[in-house]
**Q** 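Sharing a structure with you now.
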Amino acid sequence: MPPLDIACISILLLLSVVALSPLLSRRERLLIPTAFSLAALASFAAVLAGFLTIQQGLNSAATIPLGLPGLPFNIRLDPLAGFFLIVIGLLAGYVSIYSIGYLRAYPGRRPVTPLVLFYLLFLAGMLMVVLADDAYFFLLSWELMAAASYFLVMYEDEKAENRRAAYIYLLVAHVGAIAILLSFGLMAGLGSGFDRFDGYTFDAMRTARLAPGWAAAAFFLAFFGFSAKAGVIPLHVWLPEAHPVAPSNVSALMSGVMLKTSIYGMVRVAFDLLRDFPWWWGGIVLAFGLLSAVLGVLYALMQHDLKRLLAYHSVENIGIILMGLGLAMIFTSFHFPALAALALVAALYHTLNHALFKGLLFMGAGAVIHATRERNMEEMGGLIHKLPWTAALFLVGCVSISGLPPFNGFVSEWLTFQAFLLSPALPHPLLRLLVPLGAALLALTGALAAACFVKAFGVTFLGTWRGHRKASQIHEVGISMRLGMTLAAVSCLGLGVLPTYVIGWMDIIPERLFGGQIAASAGRFGWMWLTPYSYERASYSGPVVFGGILAVVAITYLLLHVRGTAIRRAPLWDCGFERITPRMQYTATAFAMPLRRVFGFLFAIREQVEIVSPQNHPVMADRFNYRLRIRDRFWNWLYTPLADGAFIVARLVGKLQQGRIQVYLLYSFVTLIVLLVFLG
Amino acid sequence: MSNSLVVQLNLLLAALILLTSFALLVQRRMFAILHIFAWQGFFLGLSTAIIGYATGVHHLYLSSLLTLGMKVLLLPYILYKLIHKLRIHREIESMINTPTTMMIGIALVIFCYHLTAPIRELSTLMTRSTLALALATVMLGLLMMVTRRHAVSQIMGFLAMENGLFFAATSATYGMPMVVELGVALDLLIAAFIFGIFFFHINTTFDSLDVDQMAKLKEGD
Amino acid sequence: MTVHPFAIELLQLLILIGLSPAFAGWVKVVKCRLQGRSAPGILQPYRDIRRLFIKDVVLAENASWIFRFTPYLAFGVTVLAGGIIPLVSVDLPLAATADIIALVMLFAIIRFFTALAGMDIGTAFGGMGASREMMISSLAEPAMLMAVFTVSLASSSTSLTQMVTTMGQGQFMIRPSLAFALIAFIMIALAETGRIPVDNPATHLELTMIHEAMILEYSGRYLALIEWAGMMKLMLFFSLGIAAFCPWGIAANGDLLALALGVAFFVLKLMLGGVIMVLIETGMAKMRIFRVSEYLGSAFLLATLGMMAFFILE
């Protein structure tokens, strides 16, 4: 069966489950496993479709006679779309398996059917976005995805916080969608005339040649629109609001793959539809990538809500992906196809990796919340004893996202570093000086991410339990949740240990887009050695690092256990301090304090220490009240003025409202006259 | 070969001059600033002498000697006396924190490099690539004057700026005419004396050399 | 007579594992002599390690598997890193496993898990050490990358063998870029290996500890492994510096004479490097924790100046 058919079947399967699931709405305990198993099946079908497309280098298109008369839907499956089918399908499959267990707690408490419905619609929407080959179908799918995810964020709608988050999300998503619409409008209209309809297909846009100024306008409109969805700083504000309040399986999907559809959009618009661009487009993309990465991880460090922390890390990782993308654009504009291919492969590899480890982390966070009913890390601790599986799997996610070998996050960050370090080849002297500074920022980002995940894992899983619930009430999560997480963790390891395969196989994407290849150089020394540019330049071997560490650890362990000296368990020593309580452990706030001092100027921090003492004596204190409030500066800099401006405009416009019918009629009359004067 | 060694030495000295201007920018203690300034003068003098040797422009030896005498010995000595007399061993924190100042400094260097790119294309002198660094030294001196609160460290910034100008002159055209150089040296000397007198007055009027105090001179608003 | 590359690899690992305590002892001896104290002898670290291996382990009640796994991991990763850095010869079969960037990340694994182990037992000291260590490392990383980048410009490679070969064979040149990168590297290495002025490896005051605070609760063979890994790490950072900045004398092939010469040069350079480090440590005071950001900022500045010096001047 051709891959395009498989992909269509997968979408149809999802949509038919949507149609049929209301039938089971009275028997939700049956509905959940059925619907999510089918969703997993459909997702894996999408993976298969994507895999076959890339494997065989297919490029198949079809026209579906739906939609408006004269405006049929066009779909197309090329290697780029195939790759994103894999990204979406792989994580969606794992999350669907996970959801079976995760949602088991819901029936009885609240109706699950809407969640199932919108979840499936959301999945179908994402797959359709990737398949779309015209602006019309693309935007339709885009809106389907946005609307479905809006309802998913709204799912627990009794809390004001959730409604607010969903509202902000909807607002940003729509501002973005308008920009994308305008961008497509520009490309279609300028390409084949504003009075014709057939310019709306991507094929027409590909052949259209735009004047440089208009091309830039089209690209940056699209970049703005997609950035709003991807959460690029400063358009990231919806992300830390929406991700924490959505159910965790939904957050995993939204953060893991929905953001990636915007990356897909950017690649599609830049490399496929517009093709020809000057280097400064890439420079701007790179600059926003750096900004998002560094600020994203710094904001993440300051969070103590586990899911909020992860949400800010999505901002960071989107930044890393944009770095690769920006570098690829710069290299392409100077006609270095091989270097551009390296940068693009790094970006796409990181896209896939981020989908997997962020999905894994959100699933893990979901498991923790499921077990503890708590989102605040300060109220957790010691969970590694209660949730050993979840802890180990979450740790895999932490190591991967921190970019440590031999896991997958390292490989893509390393490739991005290589792309950065190849910048001396650029003929532009200023870029040669500036681009390496970007590499330093990437290094800073990676190290801060490691710090942040030491904090996240350490405070949540290590130490002793700090919470109010009895620790004995906490139990390990069910088998399906563990299975979903395990699959994601194994994929993380696999992608980290065997990158040469993956890169050789992905190579067709840059080749189709701009004729750059790296597989020949990357895999020249076999599957063990990854040499992205040349052997003399740099090399890495995932299998040797993984096997080597494993071997030395095993040998040391065996050598030391031959004698079998006893291990005595004893209370904590802690330099002789007595009576250590869980409250004396380092908290998440305390952990981040040194970095808060160093980078404090980037945040709006309000810190208050209040001493409660009987005689107002600073030494004889009963208790200290410590309050810390950290705000995103962008709220004050950008959004508050914007909101205020909107209110002022609204008030001005409100003056038109007089409440008298004659005045309204007068408005219509004046409008009519003005139109006649100008258009007549 | 010896010529290329001379070129390499010159480049090394240029890099060291840039390094000292960064060190001036971030250093907080008064005496350390003074030492660094003296080192900068030393590197400058050495570089001038080397250029003189390499190009055969002999009056550069003289200006090298002048630099060494003025900027390594005389001016630091005067300032040292001044600091001692006014008892200002420690500098108050600068206006912007140190890492940020460094980042601005790096940005300035890149900017100067960009600025001098056309000259580099045109020039055929062996010193053409140090021009960017010379200009950067001027900029960094100015930045130091902007970021420091203390009158004495502002003077150091001013003197560093002058070093940069001198360096730029040697890099761009193998030095200014002797007369101009002598005049500038004299000016500097007089400036240093005038500053000294001014510091005394500022110090007795405000009991401090923090230039923020001078905001008090503003008419009431 | 030539030696098989795998034998060289083995030799390197033996040198690393076997000589690193002696190197730590050497540093201690030089330091004591310089400060007018009587020294414990160069072999003292061996005796310490032996004593720790013999002793029983006392494990905190709430320590999890992470706490027990970390020492093995730290040891394993350090040994692996030792197989990658060319110490005595460039002809290593494992050299291509990681370039210098990947190598830095290998050390990051150790740090990550040591910090987790510090948080595992749930004491304030452990958390404090972990927090500070992660702050220092995250500020050191960009500077490290910049230094690495500057060095890699000269040889247009980040692969260590390539760097060594280019540096060792190239004609001697005064390179301001490399000088700056070297100073930056030394500053970062002091921070990364937990020496003065950033951390104090010999402190007895808990509040000034960073690395020691994380491993307070370790005992017995666990402590022995961590200490040993720490000594190897110190030696490896020196080897990294030697390989990147003054690789002269390293064996280019498996020739027996060249190899012997390589070993001799390596030991000589290590001893000299130890003396330099002791001079720095003795001449400086430990700085306040919040001055570290300025210290590492200066290291970053130096490395960046090196990079710019390369592009502008060379």
Side-chain angles (χ1 to χ4, degrees), chain A residues 382 384-385 399 402-405 410 414 417 421 424 432-433 436 439-441 443-444 446-448 450-451 454 457-458 462-464 529 536-541 544-545 548-549 552-553 556-557 560 565-575 580 582 584-586 590-591 594-595 597-598, chain C residues 56-62 64 66 72-73 75-77 79-80 94 96-99 101-102 105-106 108-109 112 115-116 119-125 127-128 130-132 134-135 137-138 141-142 145-146 149 152-153 157-159 162 206 216-217 220-221 225 289-290 293 300 307-308 311:
Chain A
I384 193 167
H385 302 290
V399 176
S402 307
L404 299 176
F410 167 74
W414 186 75
F417 272 126
L421 298 194
R432 275 202 301 238
L433 279 185
L441 286 181
L444 178 69
L448 287 174
V454 167
F457 189 82
L462 303 178
T464 44
W529 311 97
E536 289 82 22
R537 177 86 214 181
S539 56
Y540 168 70
S541 168
V544 173
V545 169
I549 294 176
V552 184
V553 168
T556 327
Y557 184 81
L560 287 180
T565 29
I567 288 182
R568 192 154 55 85
R569 288 277 182 172
L572 277 174
W573 171 56
D574 200 32
C575 291
I580 296 166
M584 288 159 77
Q585 297 176 84
Y586 240 49
F591 189 93
L595 284 162
R597 280 279 289 271
V598 175
Chain C
D56 275 358
V57 176
V58 182
L59 202 60
E61 269 155 0
N62 59 338
S64 71
I66 290 197
Y72 296 106
L73 186 78
F75 191 81
V77 173
V79 170
L80 181 71
L94 281 187
T97 301
D99 70 340
I101 296 172
M105 296 313 276
L106 279 181
I109 305 180
F112 188 86
L116 283 185
M119 298 192 78
D120 191 16
I121 24 133
T123 64
F125 287 137
M128 188 176 68
S131 157
R132 292 180 173 177
M134 292 321 278
M135 176 195 80
S137 73
S138 37
E141 211 83 324
L145 183 98
M146 221 52 198
F149 180 63
S152 79
L153 279 174
S157 167
T158 54
S159 141
Q162 199 63 27
E206 295 90 345
L216 267 181
E217 295 288 324
R221 59 168 176 267
L225 282 177
I289 185 93
F290 291 109
S293 67
F300 176 73
M307 183 267 289
M308 294 203 270
F311 282 126

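A, B, ... follow the sequence lines: proteins, then strands. Residue 1 opens every chain. Predicted, not measured: the structure shown is a model, and the values here were computed from it.
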**Q** Under a 4.5 Å cutoff for heavy-atom pairs, which residue among C/A96, C/A108, C/A130 has the most contacts with chain A?
**A** C/A96
**Q** Select, from A/A590, A/P405, A/A451, the one with the greatest count of heavy-atom pairs under 4.5 Å involving chain C.
**A** A/P405
**Q** For A/A443, give me all partners under side-chain contact (heavy atoms from CB on, under 4.5 Å), at least two apart in sequence or on another chain.
**A** A/F417, C/E141, C/L145
**Q** Under 4.5 Å from any heavy atom of chain A, what part of C/T158 do you find: side chain, backbone, both or neither?
**A** both
**Q** Looking only at heavy atoms and a cut-off of under 4.5 Å, which of C/I109, C/I66, C/L73 has the most pairs with chain A?
**A**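 Among C/I109, C/I66, C/L73, the one with the most close pairs to chain A is C/I109.
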**Q** Kindly assign one of parallel, tilted or perpendicular to the pair A/Y557 and C/Y72, based on the angle between their ring planes and the thresholds 30° and 60°.
**A** perpendicular
**Q** Please determine, among C/E217, C/M308, C/M307, the option with the most heavy-atom pairs under 4.5 Å with chain A.
**A** C/E217
**Q** Given a strict heavy-atom distance threshold of 4.5 Å, which part of A/I384 is in contact with chain C: side chain, backbone, both, or neither?
**A**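 A/I384 touches chain C through side-chain heavy atoms alone.
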**Q** Looking at C/V77, C/L80, C/T123, C/T97, which has the largest count of heavy-atom pairs under 4.5 Å with chain A?
**A** C/T97
**Q** Evaluate the criterion side chain to side chain contact (heavy atoms under 4.5 Å, CB included) for residue pair A/L421 and A/R537; output intermediate values, then yes/no.
**A** CA-CA 10 Å; A/L421 298 194; A/R537 177 86 214 181; 3.9 Å; yes
**Q** Which heavy atom of C/I289 sits nearest a heavy atom of C/R132, and at what distance?
**A** CD1-CD, 3.7 Å
**Q** Got a sec, which residues hit side-chain contact (heavy atoms from CB on, under 4.5 Å) with C/V58, two or more places apart in sequence or on another chain?
**A**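 side-chain contact (heavy atoms from CB on, under 4.5 Å) list for C/V58, sorted by chain: A/R568, A/A570, C/S219.
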**Q** Need one label for C/F112: side chain, backbone, both or neither, based on atoms under 4.5 Å from any heavy atom in chain A.
**A** both
**Q** Restricting to non-hydrogen atoms, name the atom on C/A60 and the atom on A/R569 that form the minimum distance, rounded to 0.1 Å.
**A** O-NH1, 2.9 Å
**Q** Need one label for A/F410: side chain, backbone, both or neither, based on atoms under 4.5 Å from any heavy atom in chain C.
**A**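 The side chain, not the backbone.
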**Q** Using non-hydrogen atoms only, which part of C/M146 is less than 4.5 Å away from chain A: side chain, backbone, both, or neither?
**A** side chain
**Q** Which atoms of A/V454 are under 4.5 Å from chain C, going by heavy atoms: the side chain, the backbone, both sets, or neither?
**A** both
**Q** Please identify, among A/A439, A/P582, A/G463, the residue contributing the most non-hydrogen atom pairs under 4.5 Å to chain C.
**A**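 Going by pairs under 4.5 Å, I would pick A/G463.
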**Q** Please find the pair of heavy atoms, one from C/M134 and one from A/F591, that lie closest to each other, and give the distance.
**A**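 So the two residues come closest at CG-CZ, 4.0 Å.
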**Q** Closest approach of C/Q162 and C/S157, non-hydrogen atoms and distance?
**A** CB-OG, 3.4 Å
